[in-house]
S.K.: 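Quick one: this structure, given as structure tokens, is what I'll be asking you about.
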There are 2 protein chains.
Amino acid sequence: MEGSIEHQHPQSAPGGISRCASDDALARSLAALSHPARIRILRHLSNVEGCCCKDVVDHMPLAQSTVSQHLKVMLEAGLIRMKPEGGRSCYTVDRAALAALSASVSGLLEACVAGTASDQKS
Amino acid sequence: MEGSIEHQHPQSAPGGISRCASDDALARSLAALSHPARIRILRHLSNVEGCCCKDVVDHMPLAQSTVSQHLKVMLEAGLIRMKPEGGRSCYTVDRAALAALSASVSGLLEACVAGTASDQKS
DNA sequence: ATCGGTCATCGTCGATATACGATAACCAAT
DNA sequence: ATTGGTTATCGTATATCGACGATGACCGAT
């Protein structure tokens, strides 16, 4: 019943650009981005150049625990980074990861637009 | 803490919050794309320049009903189009929509990379 | 009219997502 | 040590997702 789509080890590439090579990885990154609250949080983080959880909470109509969860989702997806700072946590966007994701998404979509989307399975 | 917070308002508020509409739309499009099976289906559709549901099923380890549901998700998100064709349904990628989505995602992510992601008021 | 092929939908089931409040931990300052 | 502020996590409740099989509808060919 399971099995579903093949799932190869991402095997982190050395260069770093092809971080979102497989469909699974790309889907995961997109899932981390496909929530309006997380999009807003990402925007806010990029604006203020790093801030703590409460800062985000003060800018959103969500509970602290909810914001913390959204941050965790993006953190685990590698979209943002976290650095403990005294009693707080300083969150910053991972610009390299965002740039790589942007390239991956554009690559996929533009290839589909052009009709040159090869079935690069695995 | 804020007292009562409206968590879900189906937009349409005259002077209400309009900044959520864009994020919501983008999040919805991304959600339609954030599944490995749908990414693969989209690639296949773009390769063959339109095909029927069974064609997709034959290229994926999923049941026909499952593929049909994935197609429906992307259809309702506006990523693909459908045209009845005899006893089948001819699915094609909506290249304009994909190009627009690509631009939107790149716009968001590049703005975050550059730190110029304003909290879009308009 | 019947058959074969195709498709969308229904019902179901388990897993996941999303939201919240409550709680404990942690640090800085008193 | 106690207080106050911040954060992560737990537990819970609800909603949605993702998959499947079964079913009925639809069309073309027999």
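Keep in mind that what you see is a predicted model, and the values were worked out from it rather than measured. Below, read A as the first sequence line, B as the second, and so on, with proteins coming before strands; counting in each chain starts at 1. Scope of the values below: all heavy atoms of this structure, side chains included, with no hydrogens, waters or symmetry mates.
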S.K.: I need the NZ-P distance between B/Lys72 and C/dA8, as an integer number of Å.
M.R.: 10 Å
S.K.: From the options C/dG21, D/dG18, D/dT6, select the nucleotide whose nearest atom is closest to the side chain of A/Cys52.
M.R.: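 Closest nucleotide to the A/Cys52 side chain: D/dT6.
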S.K.: Select one nucleotide: of D/dT6, C/dA8, C/dA19, the one nearest the side-chain heavy atoms of A/Gln69.
M.R.: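 When the side chain of A/Gln69 is considered, C/dA19 is the closest of D/dT6, C/dA8, C/dA19.
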S.K.: Looking at D/dG21, does its base get a donor-acceptor pair with the side chain of B/Ser65 below 3.5 Å?
M.R.: yes
S.K.: Let me confirm one number: the SG-NE2 distance from A/Cys51 to A/His59, rounded to the nearest 0.5 Å.
M.R.: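 NE2 of A/His59 is found 8.0 Å from SG of A/Cys51.
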S.K.: Under 4.0 Å from OP1 or OP2 of D/dA8: is there any side-chain N or O of A/Ser68 that close?
M.R.: yes
S.K.: Would one find a side-chain N or O of B/Ser89 under 4.0 angstrom from OP1 or OP2 of C/dT6?
M.R.: no
S.K.: Starting at the 5' end of DNA chain C and moving along, which residue's nearest nucleotide shows up first, A/Ala37 or A/Arg88?
M.R.: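 Mapping each residue to its closest nucleotide by heavy atoms, the 5'-most match is A/Ala37.
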S.K.: In terms of the nearest nucleotide of DNA chain C, which residue is placed more toward the 5' end: B/Lys54 or A/Val67?
M.R.: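 The residue whose closest nucleotide sits nearer the 5' end is B/Lys54.
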S.K.: Test your reading of the model: is there a side-chain donor-acceptor pair from A/Ser68 to the backbone of A/Gln64, 3.5 Å cut-off?
M.R.: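 No.
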S.K.: Nearest to the A/Tyr91 side chain among C/dA8, D/dA8, D/dT9, which nucleotide is it?
M.R.: D/dA8
S.K.: With hydrogens left out and only the distance checked, is there a donor-acceptor pair under 3.5 Å joining A/Gln64's side chain and the base of D/dA8?
M.R.: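 Check passes, donor-acceptor contact within cut-off.
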S.K.: Checking side chain to side chain donor-acceptor pair (under 3.5 Å) between B/Asp23 and each of A/His35, A/Arg43, A/Arg40, which is the one that passes?
M.R.: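 Testing each of A/His35, A/Arg43, A/Arg40 against B/Asp23, the sole residue satisfying side chain to side chain donor-acceptor pair (under 3.5 Å) is A/Arg43.
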S.K.: Has A/Arg95 got more than 12 heavy atoms of other residues, nucleotides or ligands less than 6.0 Å from its CZ?
M.R.: yes
S.K.: Looking at every strand, decide which applies to A/Thr66 at a 4.0 Å heavy-atom threshold: base, sugar-phosphate, or nothing.
M.R.: base
